[in-house]
Amino acid sequence: MANLRAMNALLKALEALNPRKGNIVSIIRHEIRQISDENRGQPIISQAVVHGNVAYFAGITPNPIVGDIKVQTAQVLRRVDELLTLAGTDKSRLLSAQVWIADMRLFEDHNSAWNEWVDPANPPARACLTTEFWRPGMLVEVMVVAAVP
C-alpha cells in the first residue's frame, strides 16, 4: 500500500512538471497540407507535429525557388523560425537538424547562412547530406526537431 501511495505521488509530481498537464500523449498537428491542383503530386503531410514536449518538423524547402544557396538557406531558416513559433518553441531549443544540399561544393556558402542564423549558445546536433532534388533550382532542405517548453 505504501508503494502504491509513493507511486501515485511520483506520478502527480511528474504531471505537475508537464506544461500540458494530463495530456502527456497529446499530438498536435500544424499546417496539414491538403492536395489541390497547384500542389498535385506532393505528399499529404503536417509541417509540424508536437508530441509531448518535442516538436518534429517536415523538411522545409525554399518557396519560391530563387537565388543561390545563401539566399535559399536564409529563406528556409526564416520559415523554420515561423514553424518553431507556431509550435510554441524557438531555435534555442533545437535538438537536431538534418540538412540536404544539392552539391557539397555549396557547403561553405550554406554554412555561412546557417551560422548567421543558429543560436551559437544552443546549437543542435546536425547532419548535412547531398541529394538530387526533384524540383529544378532547389538547392537546400532543412528538417529540425525541437524541445517545447
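When reading the values below, keep in mind they use all heavy atoms of this one structure, side chains included, and skip hydrogens, waters and symmetry mates.
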Quick one, [X] and [Y] - any side-chain contact, counting heavy atoms below 4.5 Å?
| X | Y | answer |
| --- | --- | --- |
| S96 | V144 | no |
| I27 | V49 | yes |
| V54 | V148 | no |
| I69 | I101 | yes |
| N111 | D109 | no |
| M143 | W100 | yes |

- prompt: Run the side chain to side chain contact (heavy atoms under 4.5 Å, CB included) check on I65 and R135 step by step: do they pass?
  reply: CA-CA 9 Å; I65 299 172; R135 291 170 60 196; 3.4 Å; yes

Minimum heavy-atom distance [X]-[Y], with the two atoms named:
| X | Y | value |
| --- | --- | --- |
| H110 | V140 | ND1-CG2, 4.0 Å |
| V118 | P124 | CG2-CD, 3.7 Å |
| A113 | T73 | CB-CG2, 3.7 Å |
| T89 | A146 | CG2-CB, 4.0 Å |
| S112 | K70 | OG-CE, 3.1 Å |
| S92 | N122 | O-CB, 3.3 Å |

Using 0.5 Å steps for rounding, measure from the [atom1] atom of [X] to the [atom2] atom of [Y].
| X | Y | atom1 | atom2 | answer |
| --- | --- | --- | --- | --- |
| M138 | T61 | CE | OG1 | 4.0 Å |
| L106 | D68 | CG | CG | 8.5 Å |
| F57 | L94 | CZ | CG | 8.0 Å |
| L129 | Q98 | CG | CD | 7.0 Å |
| S46 | I28 | OG | CD1 | 11.5 Å |
| M104 | T130 | CE | OG1 | 5.5 Å |

- request: Evaluate side chain to side chain contact (heavy atoms under 4.5 Å, CB included) for H51 paired with S26, printing each intermediate quantity in order.
  value: CA-CA 6 Å; H51 181 254; S26 70; over 6 Å; no

Taking a hydrophobic cluster as the set of Ile, Leu, Val, Met, Phe, Trp and Tyr residues connected by side-chain heavy atoms closer than 4.5 Å, whether directly or through intermediates, do [X] and [Y] fall within one such cluster?
| X | Y | result |
| --- | --- | --- |
| V145 | I60 | no |
| W117 | L86 | yes |
| L83 | V50 | no |

field: Partners passing salt bridge (Lys or Arg N to Asp or Glu O under 4.0 Å) against R79 (at least two apart in sequence or in another chain)
entry: E31, E82

message: Assess whether a salt bridge exists between D103 and R105, defined as any Lys/Arg side-chain N lying under 4.0 Å from an Asp/Glu carboxylate O.
response: yes

- prompt: Between W114 and R126, is there a cation-pi geometry (under 6.0 Å to ring centre, at most 45° from the normal)?
  reply: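 Yes.
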
message: Has Q47 got a side-chain atom pairing as donor or acceptor with A58's backbone, closer than 3.5 angstrom?
response: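 Side chain of Q47 to backbone of A58: no pair is present.
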
- prompt: Could you go step by step and tell me if L84 and K91 meet the side chain to side chain contact (heavy atoms under 4.5 Å, CB included) rule?
  reply: CA-CA 7 Å; L84 287 165; K91 65 185 171 189; 4.1 Å; yes

message: E141 vs V76, test: side chain to side chain contact (heavy atoms under 4.5 Å, CB included). Steps then yes/no.
response: CA-CA 7 Å; E141 180 172 356; V76 165; over 6 Å; no

